[in-house]
Amino acid sequence: MQEGFSYMAGVELPGVIVSVGRGGPGLGTIQPGQADYEQAVYGGGNGDYRVIVLAPNSVQEMCDCMGKAKELTFKWRMPVIVLSDGMIGQMMEKVVLPPFTPRRTDEEIAKQCPWATNGIGLKNRQYNFISTLELDAKEMEARNKRMTAKYNQVEAEEVDFELYNVDSETEYLIVAYGISSRVSMKTLEMLRESGVKVGMLRPKTLWPFPNKKINELAGQVKGILCVEQCEGQMVKDVRLATEGQAPVYLSGRSGGMVSSPQDVLEDFQKMASECATKSCPKGYWMK
Amino acid sequence: MITKEELIIPENKVYGKPSLMNDTPMHYCPGCSHSVVHKLVAEIIEEMGLEENTVGICPVGCAVFAYRYLNVDWIEAAHGRAPACATAVKRLWPNKLVFTYQGDGDLACIGTGETIHAMNRGENIAIIFINNAIYGMTGGQMAPTTLMGMKTSTCPYGRQADLHGYPLHITDLAVNLEGTCYVTRQAVNTVANIRKTKKAIRQAFENSMNKKGCSIVEVVSTCASGWKQTPEQANQWMVDNMFPYYPLGDLKNTVTE
Amino acid sequence: MAKMRGAIVVDIERCKGCNLCAIACPLNLVTLSATVNHKGYNYAEQTDWEKCNGCTSCAIVCPDGCITVYRKKEE
């Protein structure tokens, strides 16, 4: 599977993959998990490449994601993974379906995807070929550089996230996606009722990651709680993004277990008690 | 006239659950062919005295928990990869009985590559292939072995050649591979068939111990839940529909005594 | 004349009421009970044990190995 992503990225082939995570590793459990973050964002296929990763947190968003994924994958000609989890993937909620879009005509395809190998218009153009092989290392490096430039552009334009109760007074931040964000929304409610100035940042794209916004907020808040249902994968990216300005704590279950709002609340309170003064002790997470 | 109390004493016992099969209640549906074959495997290993010399490789599918029910050492392989796992075990422990126990979604779909190549290499393993023409554990989806016209959750109007291709006769492919020494198709729906299946599996196990090559015993089976029938209806449906397409009998036996 | 006398003992908690034993019995001596076990299955039971000849057909087809068969030649 990962080999396939590497190949698709290598020839800039559009494609959407839906990945619904559960507890692992190995055959694992059948309950929800978010332990496939690293696999999705950093990829397991060989070579230098990136994929766009979208993170829906409701059934409606999963539905809307598909249209967005299709748009992004054809715009940037790179694979898009819709990363969901066993809870979001299996829950039942009301959905408004988008209008049906018919398949593109041959002319539209020829115009929008001139690189495609379908023979259309061959008499009037150079032939196309799709191949990931490159025997000349200099050429391969040039290809990689072109892709890196493209990825930089994607990072500049396609970051997406949602903020909940974040303003200039916010003292603590929760970062969570997917089912963790749904659980954390309740914790947020519970905390705000007792007057805690806490907000949440929900990444909607895991790659490109909302580094800039997290960096900005890290300068303001006393502590960040990263909530994810695994042993700590997105937390590393959050820490990188803060550039050491605020401590980032991890909260979450793994192996198929899902945090309750109470679980997140307790971890938040532990974090808040250690971060009462705004200072980020070196090596705080290397216990 | 003998009384019931006089009759039911250990000296008069002629048949019981093999002791290699433990008391853990099996999760299989009522009437499932899996349970019968598990029982036969337990009886055979006991009769051959190989409890301490056996490694079983269990699949992904309904039999994913086979390791809970028979008191031998087991390895849980990834979906379809049991023959690859068995290859490693048998080559590292050539004097052990090594067998795989797989369903049709496991062996004949995702595991086709592993199956064909283990058989072609003539690995000295016994492959027990439970063929009920459906993906049972995940709710009754179409498998490569699903019959033409058969309705499943992913071919609700029945399997059609132009959309879904044809049922895969993987055991027939096995016959033409030089590495296979014993290829047979059996069933466990009647007492007579159960006895034949037991003989077949015993032969396969002996071939593994005597390093005669690869044996594959296909057990044409029912899936009452997947087929949405009672166990007795499923047995009858199997006789009427499965047997004509997957006929019983020995397809190949090159083992000379 | 010598006669084979048989009787079966069913592990009623292990039984799943699949009914295959009843179908296999050549003398129709096995039926599903009207009572259920702890799992809610109507377990198998033998009626008229005096007629049983201990052929073990029921036990052989039983998927879960619930049936133990006893047999003795009565002179």
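Lettering follows sequence order; numbering is per chain, from 1. Values reported hereafter were calculated over all heavy atoms of this structure, with side chains retained and with hydrogens, waters and symmetry mates removed.
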Query raised in the report: Which atoms of B/Lys39 come close to chain C, meaning under 4.5 Å heavy atom to heavy atom: side chain ones, backbone ones, both, or neither?
Result: side chain
Requested in this report: List the atom of B/Ile2, the atom of C/Lys72, and the distance in Å for their closest heavy-atom pair.
Outcome: CD1-CD, 3.5 Å
**Report entry** Minimum heavy-atom distance between B/Pro25 and C/Lys39, given as atom pair plus value
**Finding:** CB-NZ, 3.5 Å
Requested in this report: Kindly check if the number of other-residue, nucleotide or ligand heavy atoms within 6.0 Å of NZ (B/Lys96) is above 12?
Outcome: yes
Query raised in the report: For C/Thr56, is it the side chain, the backbone, both, or neither that has a heavy atom closer than 4.5 Å to a heavy atom of chain B?
Result: side chain
Query - Flag if over 12 foreign heavy atoms under 6.0 Å of CG, B/Asp73 - result: no
Requested in this report: Indicate yes or no: at least one non-hydrogen side-chain atom of B/Lys17 is less than 4.5 angstrom from one of C/Thr68.
Outcome: no
Report summary line: The interface call for B/Met21 against chain C, heavy-atom contacts under 4.5 Å, is side chain
Query raised in the report: What part of B/Val14 lies closer than 4.5 angstrom to a heavy atom of chain C: side chain, backbone, both or neither?
Result: both
Query - Atom group of C/Ile60 that falls short of 4.5 Å from chain B, counting heavy atoms - result: both
**Report entry** Interface moiety of B/Leu7 toward chain C, non-hydrogen atoms closer than 4.5 Å
**Finding:** both
Query raised in the report: Considering only heavy atoms, which portion of C/Glu50 lies under 4.5 Å from any heavy atom of chain B: side chain, backbone, both, or neither?
Result: side chain
Query raised in the report: Does any heavy atom of chain B fall under 4.5 Å from the side chain of C/Val9, the backbone, both, or neither of them?
Result: side chain
Query raised in the report: So which part of B/Ile9 gets closer than 4.5 Å to some heavy atom of chain C, the side chain, the backbone, both or neither?
Result: backbone
Query raised in the report: Would you say the side-chain atoms of B/Lys4 pair up with the backbone N or O of C/Trp49, donor to acceptor, closer than 3.5 Å?
Result: no
Report summary line: Rounded to the nearest 0.5 angstrom, the CG-OG1 distance for C/Leu20 and B/Thr230 is 8.5 Å
Requested in this report: Any chance you could measure B/Tyr15, atom OH, to C/Cys58, atom SG, to the nearest 0.5 Å?
Outcome: 9.5 Å
Requested in this report: Would you confirm whether B/Glu232, through its side chain, and C/Asn19, through its main-chain N or O, come within 3.5 Å as a donor-acceptor pair?
Outcome: no
Requested in this report: Please report the closest heavy-atom contact between B/Tyr28 and C/Lys16, naming both atoms and the distance.
Outcome: O-NZ, 2.6 Å
Requested in this report: Against chain C, work out which of B/Val191, B/Val37, B/Asn235 has the most heavy-atom pairs shorter than 4.5 Å and name it.
Outcome: B/Val191
Query - Shortest non-hydrogen contact from C/Tyr41 toward B/Pro30 - result: CE2-CG, 3.8 Å
Requested in this report: Under 4.5 Å heavy-atom distance to chain B, tell me which part of C/Arg5 shows up: side chain, backbone, both or neither.
Outcome: both
Requested in this report: Heavy atoms only: give me the nearest B/Ser35-C/Pro63 pair and the separation to one decimal.
Outcome: CB-O, 3.0 Å
